[in-house]
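When reading the values below, keep in mind they use all heavy atoms of this one structure, side chains included, and skip hydrogens, waters and symmetry mates. What you see is a predicted model, and the numbers here were worked out from it, not measured in a lab. Letters go in sequence order (proteins before strands), and every chain restarts at 1.
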There are 2 protein chains.
Amino acid sequence: MHEAVFVLSAECIDNVAMLNHKIALLSPSGIPRTHLISMKKKSNVTIHDLARQLGVSSSTVSRALKSHHSIGEETTKAVKSLAKELGYRPNNLAVSLRKQHSTSIGVIVPHINRPFISSLVSGVEQAAREAGYSVLISQSYESLDIEIGNASAFFNSRICGLLVSCANETTEYAHIQQFKDSGIPVVFVDRIPENDECYKVMIDNREATFKATEHLIRQGCRRIAHYGGPPQQLMYRLRRQGYIDALAKHGLPFDENLLLTATKLTPEEGFMLAEKALSLPNPPDGILAVNDNTAVSTILYAKSKGIRIPQDLAIIGFNDDPVCTIIEPNLSSLHQPGVEMGKMAVSHLFNILDNEIVDVPRTTILDTHVMPRASSVRS
Amino acid sequence: MHEAVFVLSAECIDNVAMLNHKIALLSPSGIPRTHLISMKKKSNVTIHDLARQLGVSSSTVSRALKSHHSIGEETTKAVKSLAKELGYRPNNLAVSLRKQHSTSIGVIVPHINRPFISSLVSGVEQAAREAGYSVLISQSYESLDIEIGNASAFFNSRICGLLVSCANETTEYAHIQQFKDSGIPVVFVDRIPENDECYKVMIDNREATFKATEHLIRQGCRRIAHYGGPPQQLMYRLRRQGYIDALAKHGLPFDENLLLTATKLTPEEGFMLAEKALSLPNPPDGILAVNDNTAVSTILYAKSKGIRIPQDLAIIGFNDDPVCTIIEPNLSSLHQPGVEMGKMAVSHLFNILDNEIVDVPRTTILDTHVMPRASSVRS
DNA sequence: CAGCTTCATGCAATCGATTGTTTGCGCAAT
DNA sequence: ATTGCGCAAACAATCGATTGCATGAAGCTG
């Protein structure tokens, strides 16, 4: 699987040299090798070190460092200058412990390595860091048990807020409740629980597929199939509803055979769905897929069967992953703003954190729009 | 940009009910709304709470919870049962502060939302969590200044180890040195500094492009162009070297005109490079791109010009991003194991953490292999 | 010059858990 | 009855920073 290169060399340990012991070891071959052994002792400077060196108390140092008015000008200057000189760095662990709140935001997502989610996490990281907060991540792998474990670890780490995009499996929320019970705000992102009593940042999933379906209808589609996601997720039910509502609005019949359900939404499953849909006695002339993976597979499958896209079959996906502009024909898709969603979730969290008593809107809904491309646009 | 839905409802705060005040407010319209205001006071149970309720000291509780032999059987049982009953959760902040080391691993990468990197981070998260560690992430956006800021924040958070994939801008490492000075292990991943005095997990970049170039040569290419990355990154220089070495081994001349350099490696830049390479008086018959973005753009550009792939032009990319199996013809690429690399980096970190005195191999090299696909395979 | 304010600083408790060092008790041996 | 031992548990210091309150000196007022 891998080969390891074994290289011996002295460690670089400047400032703590006095705390280290330089010793010479003899290797089995008898050739001496010089080796620095780093002792456990850290070289970290604390306010007490500063205090001792300046002959003042540590409370004075603490106050001076944040320019408290009750500390004399000269003392303040002296403290700050020594702090800089010795490279003093406040210990966040101690600060958080004392202040009874940390500045770490926990994030739970199903998988990080998916285009939409990694964008979301990127947005979270950006907004958090700009505000001086740090971001703890974890993946649930769509498993409720793992999600529970991750939530528990976050709780023990005393995060100051939690962002969750639920696993598909998740229908119970006891592991989330513990945060609310302790006054730690929770914001759901994208994958939202049924429960209305929670903060959330999301898109209007019903409206999104409604728009996407209307787009297909405007392109002349009359028999539109829909690949739906696992129905235990509210999100996927809403998307299905948008599809149904659009058909109804435009007077198209709803045919149960055209409603397929995916569980894992992988490319492989996409092929299976495509095969199923396109071998119907009366096959669809348009497909609304609940994600881009399955839409892409459908394009590939249709092309292999000589079905022309978009003339015979118009296709639209969901998420607007990067592949949309790579596959040929380019895949139309529903764009949802991942990075913005992450940023918005963080700002939502901060609103709750800041105004504990003031009412914060429960729900933030971000705009989506259809990205019309060659896979569905009949010119 | 977005609309906010404003919903009023009572917060769900079971366990801390005694600490909350249920009050009735009158809205401007005169309609009373019941509202729960959560006070700052946390309901968190500490060992002192357990101690008080059981009439023992907190040190006894602490020891009982970890089944220390010096605590009597009955006491231990009583402590554990009360702990469970009250939902006691150890405060990691306090534990870390006391034990002088946390269980958080810091990760700095250029961008999370890139396929290879998000896989890497996924691997890190998985390995870390399995070992009971948590993962702090941050992005440098290829900026040294931001990387320095992120490192500083991590230092203040007293992470127990750092994983870094350097920004392209980064050529100085003072911000990394502070960790080594404090005995905090640092492992570089993928993007490695010049300095040999560091731990690293990587692929053999020279060998990788060597193999990729040989692959093209075996397919009959005689004029192979190379899109190189920013040369200040060692990685990209090594990749260029592999290309040059392979040409030399097979007696092919090295033509400077065929060596193009990209700085941002975006799809757009890929188009520019493709245009430049393919409009040469004596254009190449094979292209080795330093990433998949630019390779994909080259395929698209070549197709638009009626250049046949792979007959007229064979193309191979680097990273094996998901698009490789989507684009047509499918893009050959050099596969590097992202998830494994992340896991390996964490395990490397743990090795250093565990054996402070024992020698740990400096460098771990993971295998790569060519994924031959239609873009380069001439049957 | 006693009494008061103002200013700069120190003291000590606190956050929650860990851990080296007593202490107190019961029991057996001398 | 004294000594010694072992067990179970308490005491107290510690990690690094924060913060309410006390202190003490200088300066001002009547």
Review point. If only side-chain N and O atoms of A/Thr46 are considered, is one of them under 4.0 Å from the OP1 or OP2 phosphate oxygen of D/dG16?
Key: no
Do [X] and [Y] get their side chains close enough for a donor-acceptor pair, meaning under 3.5 Å?
X: A/Arg63; Y: A/Thr76; result: no
X: B/Ser140; Y: B/Ser143; result: no
X: A/Thr46; Y: A/Asn91; result: no
X: A/Glu125; Y: B/Ser138; result: no

Exercise for review: Flag the pair A/Phe179 / A/Phe155 as yes when their ring centroid distance falls below 6.0 Å, and as no otherwise.
Suggested key: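 Aromatic pair counts; centres sit under 6.0 Å.
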Review point. Run the side chain to side chain donor-acceptor pair (under 3.5 Å) check on B/Ser152 and A/Arg89 step by step: do they pass?
Key: CA-CA 9 Å; B/Ser152 178; A/Arg89 312 288 295 274; 2.8 Å; yes
Can you measure [X] atom [atom1] to [N] atom [atom2] for me and round it to whole angstrom units?
X: A/Gln100; N: D/dA17; atom1: CD; atom2: C1'; answer: 13 Å
X: B/Phe155; N: D/dG16; atom1: CZ; atom2: C1'; answer: 13 Å
X: A/Arg63; N: C/dC11; atom1: CZ; atom2: P; answer: 12 Å
X: B/Asn91; N: D/dC15; atom1: CG; atom2: P; answer: 18 Å
X: B/Leu97; N: D/dC15; atom1: CG; atom2: P; answer: 9 Å
X: B/His101; N: C/dA17; atom1: NE2; atom2: C1'; answer: 13 Å
X: A/Leu54; N: C/dT9; atom1: CG; atom2: C1'; answer: 13 Å
X: A/Ile47; N: D/dA17; atom1: CD1; atom2: P; answer: 5 Å

Review point. So does B/Ser59 reach the base of D/dC11 with its side chain, donor to acceptor, closer than 3.5 Å?
Key: yes
Point to revise | Proximity to the side chain of B/Thr60 - top-ranked nucleotide from D/dA17, C/dT19, D/dA10 | key: D/dA10
Check your understanding: Of the candidate nucleotides D/dG16, C/dG10, C/dG16, which contains the atom at the shortest distance from the side chain of B/His48?
Key ->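 That would be C/dG16.
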Review point. Do A/Arg129 and B/Phe154 meet the cation-pi criteria used here (NZ or CZ under 6.0 Å from the six-membered ring centre, within 45° of the axis)?
Key: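 Judged by the rule (NZ or CZ under 6.0 Å from the ring centre, within 45° of its axis), A/Arg129 counts as positioned above B/Phe154.
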Review point. If you look at every strand shown and take non-hydrogen atoms under 4.0 Å, does B/Val61 touch a base, only sugar-phosphate, or nothing?
Key: nothing
Review point. With sugar-phosphate meaning primed atoms plus P, OP1 and OP2, does B/Arg89 contact a base, only sugar-phosphate, or nothing at under 4.0 Å between heavy atoms?
Key: sugar-phosphate
Review point. Can you list, by residue number, the residues of residues 64-86 of chain A that have a non-hydrogen atom closer than 4.0 angstrom to DNA chain C?
Key: A/His69, A/Ser70, A/Ile71, A/Gly72, A/Thr75
